[in-house]
Peer 1: 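A single structure is presented below for examination.
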Amino acid sequence: MGRRGPAPKPTAIKILEGNPGKQKLNHNEPKPPTIIAIPKPPSRLLKDAKAEWRRLAPALIAMGVLTDVDLAAFAEMCQNYAYYLITDKKILDLGDRGVYAMQTTTTGYVQQHPLLSLRRQYYDQWRKGLADFGLTPATRSRMIVGDMDGTRVGIPDDPMELLLSGGWKNE
């Protein structure tokens, strides 16, 4: 039986979000060295996956989220994006039937075209990868830009502005 509950977030993401649950941060979490230069995408990646790599890697490095040990997961996320684009194009190539993409089996049963299931699977995997790296609108909206030690940059001086920006702390 697997572990229960949602997968824990990396401490770097919790810090960027301002530790909304106010849980104790794991200061003993392994901290692989962050990457300084954008690494070259693996040669096995598809063309669109390499483009996604080059598009997202600079932001992840700037956020301090992408490290050497994360490169395989990052590559897989980019590859799923490329697979998603391929299946989406194949569905669009079906023409007017592409919107519904229904097909009749040899037994006469009408079913959804398998490409729609594949497209959804690749999208879900890509989106989960984005969330893992803090790149979805929901995860990004919870992030607070600041130093990695948890201090925040640009904290408003006005208490009401601080409250409205979601940064009120009862100290």
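Here the structure is a predicted model, which is why all the values come from computation and not from measurement.
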Peer 1: Quick check for you: to the nearest 0.5 Å, what is the distance between L45 atom CG and E76 atom CD?
Peer 2: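 That separation rounds to 8.5 Å.
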Peer 1: T104 side chain to G108 main-chain N or O, any donor-acceptor pair under 3.5 Å?
Peer 2: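 A pair under 3.5 Å: no.
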Peer 1: Quick check, are the ring centers of Y122 and Y83 under 6.0 angstrom apart?
Peer 2: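 Yes - the distance between ring centres of Y122 and Y83 falls below the 6.0 Å cut-off.
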Peer 1: Output, in order, the C-alpha distance, side-chain angles, deciding distance and verdict of side chain to side chain contact (heavy atoms under 4.5 Å, CB included) for I86 and L46.
Peer 2: CA-CA 10 Å; I86 289 169; L46 297 169; 3.7 Å; yes
Peer 1: May I ask you to decide if F74's main-chain N or O and W53's side chain share a donor-acceptor pair within less than 3.5 Å?
Peer 2: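 Not a single qualifying donor-acceptor pair exists.
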Peer 1: Roughly how far apart are K90 NZ and R119 CZ, rounded to 0.5 Å?
Peer 2: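 Those atoms lie 14.5 Å apart.
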Peer 1: Would you give the length of the straight line joining atom CZ of R54 to atom CD1 of I38, rounded to the nearest 0.5 angstrom?
Peer 2: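 Result: 10.0 Å between the selected atoms.
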Peer 1: Measuring from atom CG of D132 to atom NZ of K128, what distance do you get when rounded to the nearest 0.5 angstrom?
Peer 2: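 Atom-to-atom, D132:CG and K128:NZ are 9.5 Å apart.
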Peer 1: Are any of the side-chain heavy atoms of L66 and F133 separated by less than 4.5 Å?
Peer 2: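 With C-beta onward as the side chain, the pair touches.
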Peer 1: Less than 4.5 Å apart, any side-chain heavy atom of I36 and any of I61?
Peer 2: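 Side-chain contact under 4.5 Å: no.
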Peer 1: Using every non-hydrogen atom in the two residues, find where A37 and I35 come nearest and quote the distance to one decimal.
Peer 2: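 Scanning both residues, the minimum pair turns out to be O-CG2, 2.7 Å.
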Peer 1: Given the rule in the side chain to side chain contact (heavy atoms under 4.5 Å, CB included) test, do L135 and L60 qualify, once you have shown the distances and angles that lead to the verdict?
Peer 2: CA-CA 9 Å; L135 295 174; L60 289 172; 3.7 Å; yes
Peer 1: How close do D48 and A82 get, heavy atom to heavy atom, and via which atoms?
Peer 2: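 For D48 and A82, the tightest heavy-atom pair comes out as CB-CB, 3.9 Å.
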Peer 1: Strictly distance-based, threshold 3.5 Å: is any side-chain N or O of D70 a donor or acceptor partner for the main-chain N or O of T67?
Peer 2: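 Yes; judged by distance alone, with no hydrogens or angles, the pair exists.
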Peer 1: Does the side chain of Q112 pick up a donor-acceptor pair with the side chain of S117 at under 3.5 Å?
Peer 2: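 There is such a pair (donor and acceptor under 3.5 Å, judged by atom type) between the side chains of Q112 and S117.
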Peer 1: Before accepting this row, confirm whether a basic side-chain N of the pair K89/D93 lies closer than 4.0 Å to the acidic partner's carboxylate O.
Peer 2: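 Yes, K89 and D93 are salt-bridged.
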Peer 1: Could you check if a side-chain atom of L56 sits within less than 4.5 angstrom of a side-chain atom of E52, using non-hydrogen atoms only?
Peer 2: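 L56 vs E52: side chains touch.
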Peer 1: Nearest 0.5 Å, please: how far is CZ in R44 from NZ in K50?
Peer 2: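 It comes to 10.5 Å.
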Peer 1: Quick one: NE2 on H113 to CD1 on I91, what's the gap to the nearest 0.5 Å?
Peer 2: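 Nearest 0.5 Å value for the NE2-CD1 distance: 8.0 Å.
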